[in-house]
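Quick caveat, the model's predicted, so the values are computed rather than measured. So you know, we letter chains A, B, ... as the sequences are listed, proteins then strands, and number each from 1. Hydrogens, waters and symmetry mates are skipped; everything else that's a heavy atom, side chains included, is used.
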Amino acid sequence: MTSFNKTLQQAWKGRNGYLFILPPLLSLVIFFFYPFLRAIYLSFTDYDGTNMKWVGLDNYIHLLQEENFQKAAVNTLAFTVESLVVGVGIALISALVIHHISTGKGFFRGVFFLPVVTNMVAVSMLWKMLYLKRGLINGVLGMLGIAPISFLGSPQNAMFAIVITSAWQGFGYSMVMFLAALEGIPKEFYEAADIDGANFFQKFWFITIPELRYTFLFLSITGVSGAVMVFTQIYVMTAGGPLKSTGTVMFDLFDRFIHLRLGEANAIGVIIFLFLLVFSLINLRISRERDS
Amino acid sequence: MKNQQYRLRKAIIQSFLYTFLVVGGFLTLFPFIWMFLSTFKTEAEIFSVPPTLLPSSFQFDNYVYIWNSLGNFPRFLFNSVFVTASVVILNLFFDSLAAFAFAKLKFPGRDNLFSLFLATMLVPGQVLLIELYRIIQNLGWINSYQALILPSAMSAFGIFLIWQYMKNIPDDFLEAARMDGANDFDIYLRIYMPLSAPAMAVLAIFTFIGTWNDFLWPLIVTNSEELRTLVVGLALMQGNNVMHWTWLMTGAFISVAPVILFYILAQRYFIAGLTAGGVKG
């Protein structure tokens with residue numbers, strides 16, 4: 001009883017603390033916990049906005065067996081892997097080059113980072129125009145005597161065309177991360193390797209790459225979280241077509257939401273959340289390990 | 001002699017590196033340059049064969065047209081500015097105030113509440129999209145500024161960002177100011193908030209970019225031209241039957257130009273702001 005009284009007294013003394021965190025706390029309850037719990041609950045129901053029926057795991061079972069969703073999941077996975085490989089690859093090469101030049105590091109860093117600050121709708125529209133049959137890329141290819149290529153119009157090419165646009169927009173972020181990590185590698189490592197007579201590639205393979213391991217991990221995890229959510233590029237450039245070749249899970253969720261299949265749409269949300277939770281927890285573990 | 005050889009080798013390597021960067025920089029910037037030049041061209045000109053770089057004459061017809069006749073373009077621009085400014089200001093105030101409480105004030109349950117905030121960062125916002133929409137609908141806020149502003153007026157990430165910075169500011173100020181009879185809010189407003197200016201700048205830029213460029217949320221909670229932001233208005237212009245690429249490029253250019261301008265002026269803060277989630281403090 002006395003300890004309860006003591007806690008109350010401390011709470012009264014610290015009342016300003018509660019007051020100062022009250023607005024974000026309310027915001028959290030209304031705009032986070034309530035919709036979050038509701039989304040989980042509704043994922044077990046058949047719901048069109050008016051009539052609700054508990055269906056247990058049916059939505060999940062149905063989704064996992066449904067061709068539409070499977071296709072969207074495969075497309076999302078393809079986009080995720082491709083954009084990660086292309087984006088991180090370009091970022092690593094440009095970071096290494098910038099790291100080794102004598103002057104102008106800040107300038108080139110600034111140039112490569114620029115697309116990161118621009119909005120995806122404008123970027124997607126711009127690239128959609130560049131990709132047209134009569135667009136600039138085919139125009140330049142035409143000057144070289146190459147027949148026009150259908151980028152966004154062909155089910156084979158469309159997703160990779162979107163990957164290129166996304167990598168172009170986002171690689172500057174990974175590049176900045178790599179640059180920061182490169183600066184952090186102690187010079188002594190390379191000096192010691194020089195004394196041992198290591199060549200450039202040996203130093204790269206045995207010092208640089210292992211020293212960048214946390215950056216690789218961090219970028220893979222954040223990259224996956226971002227890529228799984230891909231929506232805007234798809235919405236603007238292909239609307240999921242042609243022949244559903246670029247439909248992703250987020251696009252599928254949006255589609256079902258619009259058609260008021262809210263139980264299924266929320267189930268997709270929960271599936272995305274659980275998938276990403278695994279990655280986030282790994283990320284947390286790694287950053288803890290790195291700190292200690 | 002050996003020294004000279006070494007220097008020659010170094011110069012050759014450096015010139016390779018710079019060539020790579022100039023080509024890479026060109027590929028990075030050229031699409032924007034093409035976008036900018038397209039805003040002065042006619043529809044026939046942007047698809048001319050072979051492609052031409054410069055417009056035959058710098059005419060402003062596209063700007064005049066989209067400003068006056070296409071949807072409600074001035075309103076889109078106003079909405080983007082108003083919504084972005086509101087979200088940035090609200091975040092700066094509420095996030096830093098809560099961060100101050102978590103970093104400097106003592107009250108029972110503080111650390112658990114803080115962990116609760118941090119845990120929410122594990123849930124991506126898109127997962128909440130539908131049910132958040134339905135709350136807004138139940139509140140009768142569809143097509144309103146509240147819907148565009150309030151759900152993002154505070155953020156756990158923003159609180160965390162400022163908290164990280166504030167916890168390293170000594171507690172001495174707090175004790176000294178209390179002795180002088182200052183209340184907690186004064187101490188926040190006059191001491192800890194101003195001292196956190198670098199972190200506040202990072203949060204301001206992070207929020208500015210996120211809100212200005214946001215697409216999915218403003219797309220679903222607005223359904224009239226009066227409430228559309230620039231980015232959403234632009235995306236929906238595409239669906240118009242008589243759409244010209246020159247108009248779309250002009251709209252797209254207007255949506256990225258202010259951001260690029262700020263970026264050029266405060267590049268360091270932008271890079272710090274957008275990578276804040278990744279660099280451990």
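- The contact between Leu150(B) and chain A is made by backbone and side chain atoms together, counting heavy-atom distances below 4.5 Å.
- Side chains of Asp48(A) and Thr50(A): a donor on one and an acceptor on the other come within 3.5 Å.
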For this session: Apply the test ring pair (Phe, Tyr, Trp, His ring centres under 6.0 Å) to residues Phe114(B) and Trp163(B): give CA-CA distance (whole Å), side-chain angles for both, the deciding distance (0.1 Å), then the verdict.
Result: CA-CA 10 Å; Phe114(B) 190 56; Trp163(B) 172 85; 4.5 Å; yes

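- For Met249(B), the part sitting under 4.5 Å from any heavy atom of chain A is the side chain, from C-beta outward, and nothing else.
- Most heavy-atom pairs under 4.5 Å with chain A, from the set Ile209(B), Leu116(B), Asp184(B), Val259(B): that is Asp184(B).
- Contact annotation for Leu230(B): neither backbone nor side-chain heavy atoms come within less than 4.5 Å of a heavy atom of chain A.
- Ranked by heavy-atom pairs shorter than 4.5 Å toward chain A, the options Phe215(B), Phe262(B), Phe102(B) are led by Phe215(B).
- In this structure, the portions of Val123(B) lying under 4.5 Å from any heavy atom of chain A include both its backbone and its side chain.
- Per-residue heavy-atom pair counts under 4.5 Å with chain B were compared for Ala181(A), Gly172(A), Pro115(A), Ser280(A), and the maximum is reached by Pro115(A).
- Heavy atoms closer than 4.5 Å to chain B are found in both the backbone and the side chain of Phe32(A).
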Report all side-chain donor-acceptor pairs from residues 264-279 of chain A shorter than 3.5 Å, counting only partners two or more places apart or in another chain.
| residue | atom | partner | partner atom | Å |
| --- | --- | --- | --- | --- |
| Glu264(A) | OE1 | Arg256(A) | NH1 | 2.8 |
| Glu264(A) | OE1 | Arg261(A) | NE | 3.2 |
| Glu264(A) | OE1 | Arg261(A) | NH2 | 3.0 |
| Asn266(A) | ND2 | Leu262(A) | O | 3.2 |
| Asn266(A) | ND2 | Glu131(B) | OE2 | 2.8 |

Donor-acceptor pairs under 3.5 angstrom involving side-chain atoms of residues 220-231 of chain A: please list them, not counting sequence neighbours.
| residue | atom | partner | partner atom | Å |
| --- | --- | --- | --- | --- |
| Ser220(A) | OG | Phe216(A) | O | 2.5 |
| Thr222(A) | OG1 | Phe218(A) | O | 2.9 |
| Thr222(A) | OG1 | Leu219(A) | O | 3.4 |
| Ser225(A) | OG | Ile221(A) | O | 2.8 |

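- Proximity to chain B is limited to the side chain of Leu130(A), based on heavy atoms less than 4.5 angstrom apart.
- Among the candidates Trp245(B), Phe208(B), Phe94(B), the residue making the largest number of heavy-atom pairs closer than 4.5 Å to chain A is Trp245(B).
- Proximity to chain A is absent for every atom of Phe26(B), based on heavy atoms less than 4.5 angstrom apart.
- Listed options Tyr133(B), Trp34(B), Phe20(B) were ranked by heavy-atom pairs under 4.5 angstrom with chain A; first place goes to Trp34(B).
- Note: Phe32(B) and Trp168(A) meet the aromatic proximity criterion, with ring centroids under 6.0 Å apart.
- Between the side chains of Ser96(B) and Tyr192(B), no donor-acceptor pair is found at a separation under 3.5 Å.
- The number of heavy atoms from other shown groups lying within 6.0 Å of CZ (Arg15(A)) is above 12.
- The minimum heavy-atom distance linking Thr229(B) with Pro218(B) is given by the pair OG1-CB, 4.1 Å.
- Only the side chain of Tyr47(A) comes within contact range of chain B, with heavy atoms under 4.5 Å apart.
- With chain B as the partner, the residue from Gly139(A), Pro23(A), Ser27(A) showing the most heavy-atom pairs under 4.5 Å is Pro23(A).
- Of the two parts of Gln126(B), the backbone and the side chain both hold a non-hydrogen atom closer than 4.5 Å to a non-hydrogen atom of chain A.
- Residue Trp127(A) touches chain B through its side chain alone, counting heavy-atom pairs closer than 4.5 Å.
- Here the closest heavy-atom approach between residue Ile21(A) and residue Ala101(B) is recorded as CG2-CB, 3.7 Å.
- Between chain A and the options Ile13(B), Leu132(B), Leu21(B), heavy-atom pairs under 4.5 Å are most frequent for Leu21(B).
- Taking CZ of Arg178(B) as the reference point, atom CG of Asp186(B) lies at 12.0 Å (rounded to 0.5 Å).
- Side-chain atoms of Thr52(B) and Glu45(B) include no donor-acceptor pair closer than 3.5 Å.
- Remark: Tyr18(A) OH is packed, more than 12 non-hydrogen atoms of other residues, nucleotides or ligands lying under 6.0 Å away.
- Of the atoms belonging to Ser174(A), not a single heavy atom falls under 4.5 Å from chain B.
- Counting heavy-atom pairs under 4.5 Å between each of Asn183(B), Leu105(B), Asp214(B), Leu234(B) and chain A puts Leu234(B) at the top.
- Residue-environment remark: CZ (Phe107(A)) stays at or below the threshold of 12 foreign heavy atoms within 6.0 Å.
- Interface residue Leu132(A): only side-chain heavy atoms are found under 4.5 Å from chain B.
- Of the atoms belonging to Val176(A), it is side-chain heavy atoms, and not backbone ones, that fall under 4.5 Å from chain B.
- Within 6.0 Å of atom OH in Tyr269(B), 12 or fewer heavy atoms from other residues, nucleotides or ligands are found, so the atom counts as exposed in its surroundings.
- For Met143(A), the part lying under 4.5 angstrom from a heavy atom of chain B is the side chain only.
- Contacts between Phe16(B) and chain A at a heavy-atom distance below 4.5 Å are absent for every atom of the residue.
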